[in-house]
2 protein chains.
Amino acid sequence: MSVQTQMTPGNCSDCPIRHRAVCARCEVDELNELEEIKYYRNFEAGQTIIWSGDKMGFVGSVVSGIASLTQTMEDGRTQMVGLLLPSDFVGRPGRDGAAYDVTATTDVVMCCFRKKPFEEMMERTPHIAHRLLEMTLDELDAAREWMLVLGRKTAREKIASLLSIVARRDASLSPNGPSGPMVFDLPLTREAMADYLGLTLETVSRQMSALKKDGVIQLEGKRHVTIPDMRRLMDEAGDDADGGFLG
Amino acid sequence: MSVQTQMTPGNCSDCPIRHRAVCARCEVDELNELEEIKYYRNFEAGQTIIWSGDKMGFVGSVVSGIASLTQTMEDGRTQMVGLLLPSDFVGRPGRDGAAYDVTATTDVVMCCFRKKPFEEMMERTPHIAHRLLEMTLDELDAAREWMLVLGRKTAREKIASLLSIVARRDASLSPNGPSGPMVFDLPLTREAMADYLGLTLETVSRQMSALKKDGVIQLEGKRHVTIPDMRRLMDEAGDDADGGFLG
DNA sequence: TCTATTCTTTGACCCAGATCAACTGAGGTT
DNA sequence: AACCTCAGTTGATCTGGGTCAAAGAATAGA
């Protein structure tokens with residue numbers, strides 16, 4: 001999951017490692033090579049894609065839907081450690097076991113590559129290794145930004161942070177530019193939000209109600225969110241770093 | 001900062017990107033090339049190595065001492081997002097700005113490479129890009145493991161987690177193997193520990209005292225720690241994943 | 001030796017968020 | 001329509017860790 005980078009989906013649908021921005025780098029020979037080892041898999045909402053510790057025979061990227069990475073303690077406490085949106089990469093070239101559970105939050109289509117051939121291709125095509133390094137550095141930045149959220153922010157700030165991130169990454173919004181109102185459907189249940197934010201679902205619910213009451217967000221039903229003023233929301237998130245999202 | 005990987009320092013002191021394990025991969029031509037663009041810098045404890053947002057002209061790795069990565073909000077709340085121990089890499093090839101402050105916690109010696117030539121060399125030497133990808137994936141795993149600590153663990157568990165990590169990465173210990181008692185000096189002040197764990201320094205102090213009272217750790221002075229039973233400490237940390245550290 | 005200064009510990013009290021519990025409301029099934 | 005079930009809301013109460021305050025302990029300097 002990347003916080004810094006915006007995505008323009010829909011382009012470059014055959015790209016081996018889907019680019020976050022409009023793809024300007026596709027190289028035909030790369031694609032042709034990959035075509036042979038590429039396949040698609042569908043997962044239903046709630047289904048586990050990979051169990052932590054399992055041997056992973058593939059790497060891949062999310063084509064549609066949303067998946068989440070979670071870690072769980074023996075006593076059941078769970079923490080979401082990443083959100084995989086379309087174009088995000090899954091898997092660890094050079095690693096055998098998965099480090100955390102990957103679960104489909106909505107229905108998910110993944111574009112997979114068998115790991116061995118993918119790794120061999122990485123050897124031959126430095127381009128891909130570079131792209132992967134770049135993406136991994138993005139994820140690392142995002143993970144570290146999230147550490148600040150988890151460690152130091154209040155419940156209200158946490159909710160605002162999550163809403164900003166989802167708003168930023170969801171393309172179906174801001175018909176009037178990034179400073180206009182934003183409209184989107186939350187792809188997460190209150191429980192999933194809680195797991196992401198290190199809160200309980202009750203606290204999430206209460207803070208959502210509070211933000212609604214204060215006019216920071218509007219809610220239709222449980223999932224449909226309107227953000228009348230993105231800047232206001234970002235203030236609530238206490239975020240200095242907006243990744244250049246707003247002017 | 002890596003949680004999973006152990007380091008055996010002292011080997012391979014000229015290696016461009018120092019390996020965490022005993023180095024079996026040094027290649028002479030690589031070294032010779034790097035020698036030209038390599039230089040050393042010293043920092044005193046407390047000194048800032050890089051300010052968040054600054055343009056970074058170099059990448060490098062920690063040779064000795066300990067540095068920390070921190071993020072700070074406008075109101076002063078700070079969260080440490082990474083701990084850099086000897087052999088850890090600093091910098092983001094392909095990125096211009098630093099994403100967070102890097103501060104010397106103790107006196108630090110860094111081995112630096114000017115960024116441009118380093119990146120050019122990365123182009124020519126896929127080996128290095130792979131190594132860097134591997135290291136970045138390790139950091140990502142560590143960051144995500146830390147998200148569980150920050151989001152879901154109690155203060156006591158947090159302290160125990162931090163102590164395990166420091167113990168695991170400190171080489172000057174376990175004269176009687178990994179199941180014997182461990183002895184080391186904490187490289188962090190109580191405040192730094194608090195910033196790492198998302199706590200206040202008072203809570204850190206109280207929990208250290210509690211762990212001491214309960215015999216989980218022994219303290220001589222403020223910094224010198226003995227862990228009579230590593231397994232006991234890991235139980236206190238609530239960690240299922242010990243990274244294969246103990247049998 | 002006698003301060004300063006910096007780091008740490010400990011105590012008293014408070015509050016944000018957890019916990020426990022009841023309730024609402026939208027689908028879906030029969 | 002009657003009944004589930006699942007997701008979310010809201011209330012009442014409790015508590016872990018924060019906050020404020022004061023007092024050691026170690027080191028450096030004069």
Side-chain angles (χ1 to χ4, degrees), chain A residues 44-46 68 73 75-79 105-106 149-163 185-214 217-225 236 238, chain B residues 44-47 66 68 73 75-79 103 105-107 149-163 185-214 217-225 236 238:
Chain A
E44 294 177 7
S68 58
M73 297 171 68
D75 63 9
R77 281 177 282 176
T78 82
Q79 175 67 49
T105 295
T106 63
V149 173
L150 291 173
R152 292 302 185 191
K153 290 194 179 180
T154 64
R156 172 182 263 242
E157 289 169 336
K158 285 179 174 182
I159 299 285
S161 300
L162 178 56
L163 292 174
D185 285 301
L186 262 180
L188 301 172
T189 65
R190 297 289 186 264
E191 187 180 24
M193 293 173 70
D195 282 344
Y196 202 13
L197 296 167
L199 298 170
T200 60
L201 71 162
E202 293 96 328
T203 298
V204 170
S205 184
R206 272 186 255 271
Q207 296 297 337
M208 289 287 288
S209 301
L211 288 175
K212 180 184 172 185
K213 182 170 68 65
D214 297 344
I217 61 174
Q218 287 151 24
L219 280 174
E220 278 170 82
K222 297 146 199 294
R223 300 292 192 88
H224 194 74
V225 180
E236 292 284 356
Chain B
E44 295 177 7
Q47 204 180 343
I66 292 183
S68 59
M73 297 170 68
D75 62 9
R77 281 177 282 176
T78 82
Q79 175 66 50
T103 313
T105 295
T106 63
D107 289 353
V149 173
L150 290 173
R152 292 301 185 191
K153 290 195 178 176
T154 64
R156 173 182 263 242
E157 288 169 336
K158 284 178 174 182
I159 299 284
S161 300
L162 178 56
L163 291 174
D185 285 301
L186 261 180
L188 301 172
T189 65
R190 298 288 185 265
E191 187 180 24
M193 293 174 71
D195 282 344
Y196 203 13
L197 295 167
L199 298 169
T200 60
L201 70 161
E202 293 96 329
T203 299
V204 170
S205 184
R206 272 186 256 270
Q207 295 298 337
M208 289 288 286
S209 302
L211 287 175
K212 180 183 172 186
K213 183 169 67 64
D214 298 344
I217 62 174
Q218 287 151 26
L219 281 175
E220 277 169 82
K222 298 148 197 292
R223 300 293 192 87
H224 194 74
V225 180
E236 292 283 356

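Numbered from 1 within each chain, the chains take letters A, B, ... in sequence-line order.
If you measure from atom CG of Leu219(A) to atom C1' of dA7(D), you get 14 Å, rounded to the nearest angstrom. Per the geometry, CG belonging to Leu197(A) stands 18 Å off P belonging to dA16(C), to the nearest Å. A straight line from CZ of Arg77(B) to C1' of dT19(D) spans 15 Å, rounded to a whole angstrom. dA26(D) atom P lies 13 Å from atom CZ of Arg223(B), rounded to whole Å. Atom pair Leu211(A):CG and dG8(D):P shows a separation of 16 Å (rounding to whole Å applied). Between Gln207(B) atom CD and dG17(D) atom C1' the separation is 9 Å, expressed in whole Å. Between the CG atom of Leu201(A) and the C1' atom of dG11(D) there is a distance of 15 Å, given to the nearest Å. When rounded to the nearest whole Å, the span between CE of Met193(A) and C1' of dG17(C) equals 16 Å.
Between Ser209(A) and dT10(D) there is a side-chain polar atom (N or O) within less than 4.0 angstrom of OP1 or OP2. Contact between the side-chain N/O atoms of Thr203(A) and the OP1/OP2 oxygens of dA18(C) is found at a separation under 4.0 Å. Distances shown here put every side-chain N or O of Arg190(B) at or beyond 4.0 Å from the OP1 or OP2 atom of dT6(C). Applying the 4.0 Å criterion to OP1 and OP2 of dG8(D), one finds that Ser205(A) has every side-chain N and O outside that range.
Residues Ile159(B) and Glu236(B) have side chains not in contact (no heavy-atom distance under 4.5 Å, counting atoms from C-beta outward). Side-chain atoms of Arg223(B) and Thr189(B), non-hydrogen and from C-beta on, do get closer than 4.5 Å to each other. Contact of the Gln79(A) side chain with the Leu150(A) side chain is registered, since non-hydrogen atoms from C-beta on lie closer than 4.5 Å. Contact annotation: the side chain of Val225(A) approaches that of Leu219(A) to within less than 4.5 Å [non-hydrogen atoms, C-beta and beyond]. Between Leu163(A) and Leu211(A) there is a side-chain heavy-atom pair separated by less than 4.5 Å. Under the 4.5 Å side-chain criterion, counting only non-hydrogen atoms from C-beta, Glu157(A) is not in contact with Arg152(A).
A distance of 10.0 Å separates CD of Glu202(A) from CD of Glu191(A), quoted to the nearest 0.5 Å. A distance of 10.5 Å separates CG of Leu197(B) from NZ of Lys153(B), quoted to the nearest 0.5 Å. For the atom pair OG1 (Thr106(B)) and CG (Leu188(B)), the distance works out to 9.5 Å, reported to the nearest 0.5 Å. Remark: Met208(A) CE to Lys222(A) NZ distance equals 11.5 Å, nearest 0.5 Å.
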Find every protein N or O atom lying less than 3.5 Å from an N or O atom of nucleotides 20-26 of chain C, and list the pairs.
unit_1  : atom_1 : unit_2    : atom_2 : d
dC20(C) : N4     : Glu202(A) : OE2    : 3.2

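Residue Thr200(B) has its side chain nearest to dG18(D) when only dG17(C), dG8(D), dG18(D) are considered.
Thr189(A) comes within 4.0 angstrom of the backbone, heavy atoms only, and of no base. Among the atoms of the strands shown, only primed sugar atoms or phosphate atoms (P, OP1, OP2) are found under 4.0 Å from some heavy atom of Leu199(A). Looking at heavy-atom distances under 4.0 Å, Gly198(B) makes contact with sugar-phosphate atoms alone, never a base.
For DNA chain D, the residues of residues 150-159 of chain B within the heavy-atom distance limit of 4.0 Å (strictly under) are Thr154(B), Ala155(B), sorted by number.
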